[in-house]
There are 2 protein chains.
Amino acid sequence: MNFQQLRSIREASRCGFNLTEVANILYTSQPGVSRQIREVEEELGVEIFERNGKRLTGLTEPGKGILQIIERLLVEAENLQRASDDYADHTKGTLTIATTHTQARYVLPRVVQAFRHAFPEVRIALQQSSPEHIADLVLSGKADIGIATEGLSQYKDLASFACYEWSHVLVVPEGHPLLACVANNELVTLKDLATWPLITYDVGFTGRGHIDDAFKVGGEQADIVLTAMDADVIAQYVALGMGVGIVASMAVDSLRAHGLHTIAASHLFSPNVTRLAVRRGTYLRSFVIDFIQQFSPSLSHQEINREVTAASGK
Amino acid sequence: MNFQQLRSIREASRCGFNLTEVANILYTSQPGVSRQIREVEEELGVEIFERNGKRLTGLTEPGKGILQIIERLLVEAENLQRASDDYADHTKGTLTIATTHTQARYVLPRVVQAFRHAFPEVRIALQQSSPEHIADLVLSGKADIGIATEGLSQYKDLASFACYEWSHVLVVPEGHPLLACVANNELVTLKDLATWPLITYDVGFTGRGHIDDAFKVGGEQADIVLTAMDADVIAQYVALGMGVGIVASMAVDSLRAHGLHTIAASHLFSPNVTRLAVRRGTYLRSFVIDFIQQFSPSLSHQEINREVTAASGK
DNA sequence: TATCCTTACGGAATTCGTAAGCATG
DNA sequence: CATGCTTACGAATTCCGTAAGGATA
């Protein structure tokens, strides 16, 4: 048994059981992959994959258990590399952060700058994508850290930490009627809001769930005329007068700089919690731990390690 | 990097850094081992072993961290084999139990018999040894299960379960003066006991610690004239009139069958708890779980797995 | 000087890719 | 009939053990 064989199996399950694709990813030939897999199956005396004729179609019941062990084993193999790099020089390396636009644009700059100062030789890769994809990137080891407000807490193989709480704010252009409320020291109601076309985040992004929930619970119909991934884009259309924007509070400074007005909305929508996640069982290089602590100073080294080395539950 | 290289490193640390010995254990040549180790060190770019000239003398600081990861990795490799065997046929295999004489002789027979009935095709290996060695056997993967009253709870890489409680009893030959107490419904005191030569377990065995503690706390001097590993041997010398025996309550039936008399002593010595231990992170084959439940029926499948897959803690 | 590790070398075994063959949707 | 897996074969590489060399307690 060797590592390449195990990698072939892991990749096969990741690639939807297409061995040709596996071969490309692992930079080898397809017959090679085919052989690697059969060799392991023979050595272990277990059929890992379901086959339909010659094609692989899924995992067998034993295969699922075996795959779990293989994944843990390969994580340790990666840990070996990570730990070694860390020991060799813990001021060098690459920190890969998978996150959403909102974090990358409004929250991380301050943290990244401080981190950069502490570890000038560490390269930083920001991978922007959707919350589900962020989880995937962390689970597959392609990113060290995932940061998002949605979808990081439901994976048993991710250790996630609550980092900070934020709420939504409304954005309107100069002279918008809603600003009258503010002038009178009145709070905007959901009913008020429902009379305007709205512009906010895509489903699954940046607390969008809480916005939909609020309208559902309040029995109002939201007229969401446009959605986008980030506050900058939303603000652009708000400025054009296309509607009232609902964005994350982290963006207010930038919005005001663009001449837009913001109106408190924390009484309308539930607060959101941004979480940071790492894969359980992963060796955290010193600078990764440092970054986590920069981002969420209340976390202790021990607390982080305890959570990350904890079993995946179940 | 391959498994043989990692095994060489693990074994080197286990063999006190004697590569010749490692070569023998791994059935290979000494230059081979030497090379395997250097190859890993080169590939990872980390010196794992301290060297004094050409000889290996210990682990470097990074080496300690690296070794931990290697050990977890190799445990997963063994798990792969174990899980496969289990899936292939979970009624076959070998269950290796490291335990003390007391357990093997007085407690396990009932359990082993029941287990044998449930899994007639599983071979059972009972490895009798001292409590410390039992822990070693389990930690190194040479035994699936360790059972003992002492020394299993202090290893962070062992998950141990309290199974049952027992106390010590006194053993005397027919007509011994201490039997007068019993006849008068009196409890034997530590002071009474201190007037007799005593025969009991070796230090470190079968609750011996609690016996010594009791005398220390009670301010009495125990005159332990002979020690042995097991109740049978102790009983033999008691029968010869060499002294009063103090043995585990599990042995009473056998002692009476030999014509000796037993006297309650649970008021004199703290009760003892027999524990069962398995290495954390180890895949437990179905029959191993079954055996554990036979031995300690109050444990649930989930409880066992939770404890075994839990992280080793700091 | 005996033990223990390293270096050097050559044969053996393994590994892997290419090319051809075959099944399936 | 195109996609995808298997088989077959040969070349290249890797692996590993033996033998000799050198350092240290």
Side-chain angles (χ1 to χ4, degrees), chain A residues 1-60 62-63 66-67 70 73-74 77 80-81, chain B residues 1-60 62-63 66-67 70 73-74 77 80-81:
Chain A
M1 197 164 60
N2 61 52
F3 288 99
Q4 188 68 359
Q5 292 171 337
L6 301 181
R7 263 181 236 116
S8 300
I9 290 176
R10 176 175 69 176
E11 218 53 53
S13 83
R14 286 187 182 172
C15 293
F17 315 104
N18 181 330
L19 302 195
T20 309
E21 196 180 334
V22 173
N24 290 331
I25 291 179
L26 298 182
Y27 304 106
T28 180
S29 68
Q30 183 275 317
V33 172
S34 186
R35 184 170 39 222
Q36 309 282 19
I37 291 175
R38 265 180 306 103
E39 280 171 357
V40 176
E41 291 187 320
E42 277 169 33
E43 183 174 344
L44 296 181
V46 173
E47 292 258 297
I48 296 172
F49 294 100
E50 297 271 9
R51 286 172 173 78
N52 202 337
K54 287 187 171 183
R55 308 204 177 182
L56 307 204
T57 57
L59 287 163
T60 61
I66 299 283
L67 181 65
I70 290 178
L73 192 156
L74 291 175
L80 218 41
Q81 193 59 59
Chain B
M1 198 165 59
N2 62 51
F3 288 100
Q4 188 68 356
Q5 292 170 336
L6 300 181
R7 263 182 236 116
S8 300
I9 290 175
R10 176 175 69 178
E11 217 54 52
S13 83
R14 286 187 183 171
C15 292
F17 314 103
N18 182 329
L19 302 195
T20 311
E21 196 180 335
V22 173
N24 291 331
I25 290 179
L26 298 182
Y27 304 107
T28 181
S29 68
Q30 183 275 319
V33 172
S34 187
R35 184 170 39 221
Q36 310 282 20
I37 291 176
R38 264 180 307 104
E39 279 170 358
V40 175
E41 291 187 320
E42 277 169 34
E43 183 174 343
L44 295 181
V46 174
E47 291 258 297
I48 296 172
F49 294 101
E50 297 271 10
R51 288 172 171 76
N52 202 336
K54 288 189 170 182
R55 309 205 176 181
L56 306 203
T57 57
L59 288 163
T60 61
I66 298 283
L67 180 65
I70 290 178
L73 192 155
L74 291 175
L80 219 41
Q81 193 59 57

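Per chain, numbering begins at 1; letters A, B, ... match sequence-line order. Treat the numbers as computed from the prediction; the structure is a model and nothing was measured.
- Counting only heavy atoms from C-beta on, Asn18(B) has its side chain closest to dC5(C) among dC16(D), dC5(D), dC5(C).
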**Contact pattern, 5' to 3', of nucleotides 17-25 of chain D - B, S or - by protein heavy atom under 4.0 Å** = BBB-B-BB-
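- Leu26(B) has its CG atom 16 Å from the P atom of dC15(D), to the nearest Å.
- Here the C1' atom of nucleotide dT14(C) and the CD atom of Glu39(A) are 10 Å apart, to the nearest Å.
- For Arg51(B) and dC4(C), the CZ to C1' distance is 13 Å, given to the nearest whole Å.
- OP1 or OP2 of dC5(D) has not a single side-chain nitrogen or oxygen of Arg38(A) nearer than 4.0 Å.
- Atom CG in Leu56(B) sits about 18 Å away from atom P in dT3(C), given to the nearest Å.
- With sequence neighbours left out, Arg7(B) forms a salt bridge (charged side-chain N to carboxylate O under 4.0 Å, His left out) with no residue at all.
- The distance from atom CD of Gln36(A) to atom C1' of dC5(D) is 15 Å, rounded to the nearest whole Å.
- One atom, CZ of Phe3(B), and another, P of dC15(D), lie 14 Å apart when rounded to the nearest Å.
- Residue pairs meeting the ring-ring contact (aromatic ring centres under 6.0 Å, His included) criterion with at least one partner in residues 18-47 of chain A, sequence neighbours excluded, do not occur; the list is empty.
- Shown here are the side chain to side chain donor-acceptor pair (under 3.5 Å) partners of Arg55(B), two or more places apart in sequence or in another chain: there are none.
- Looking at heavy atoms from C-beta onward, Leu6(A) lies in side-chain contact with Leu80(B) at the 4.5 angstrom threshold.
- Shown here are the side chain to side chain donor-acceptor pair (under 3.5 Å) partners of Gln30(A), two or more places apart in sequence or in another chain: there are none.
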Just distance, no hydrogens or angles: give the donor-acceptor pairs under 3.5 Å from side chains in residues 41-50 of chain A, sequence neighbours left out.
unit_1, atom_1, unit_2, atom_2, d
Glu41(A), OE1, Arg51(A), NH1, 3.2
Glu41(A), OE1, Arg51(A), NH2, 2.7
Glu41(A), OE2, Ile48(A), N, 2.7
Glu41(A), OE2, Phe49(A), N, 3.0
Glu41(A), OE2, Arg51(A), NH1, 3.3
Glu43(A), OE1, Met1(A), N, 3.1
Glu43(A), OE2, Met1(A), N, 3.4

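- Atom-to-atom, CG of Asn2(B) to C1' of dT15(C) comes out at 13 Å; the value is rounded to the nearest Å.
- Shortest non-hydrogen contact noted between Ile25(A) and Cys15(A) is CD1-SG, 3.4 Å.
- Backbone-only contact: Phe17(B) has heavy atoms under 4.0 Å from sugar-phosphate atoms and none from a base.
- Put simply, CD on Glu50(A) is 17 Å from C1' on dT24(C), counting in whole angstrom units.
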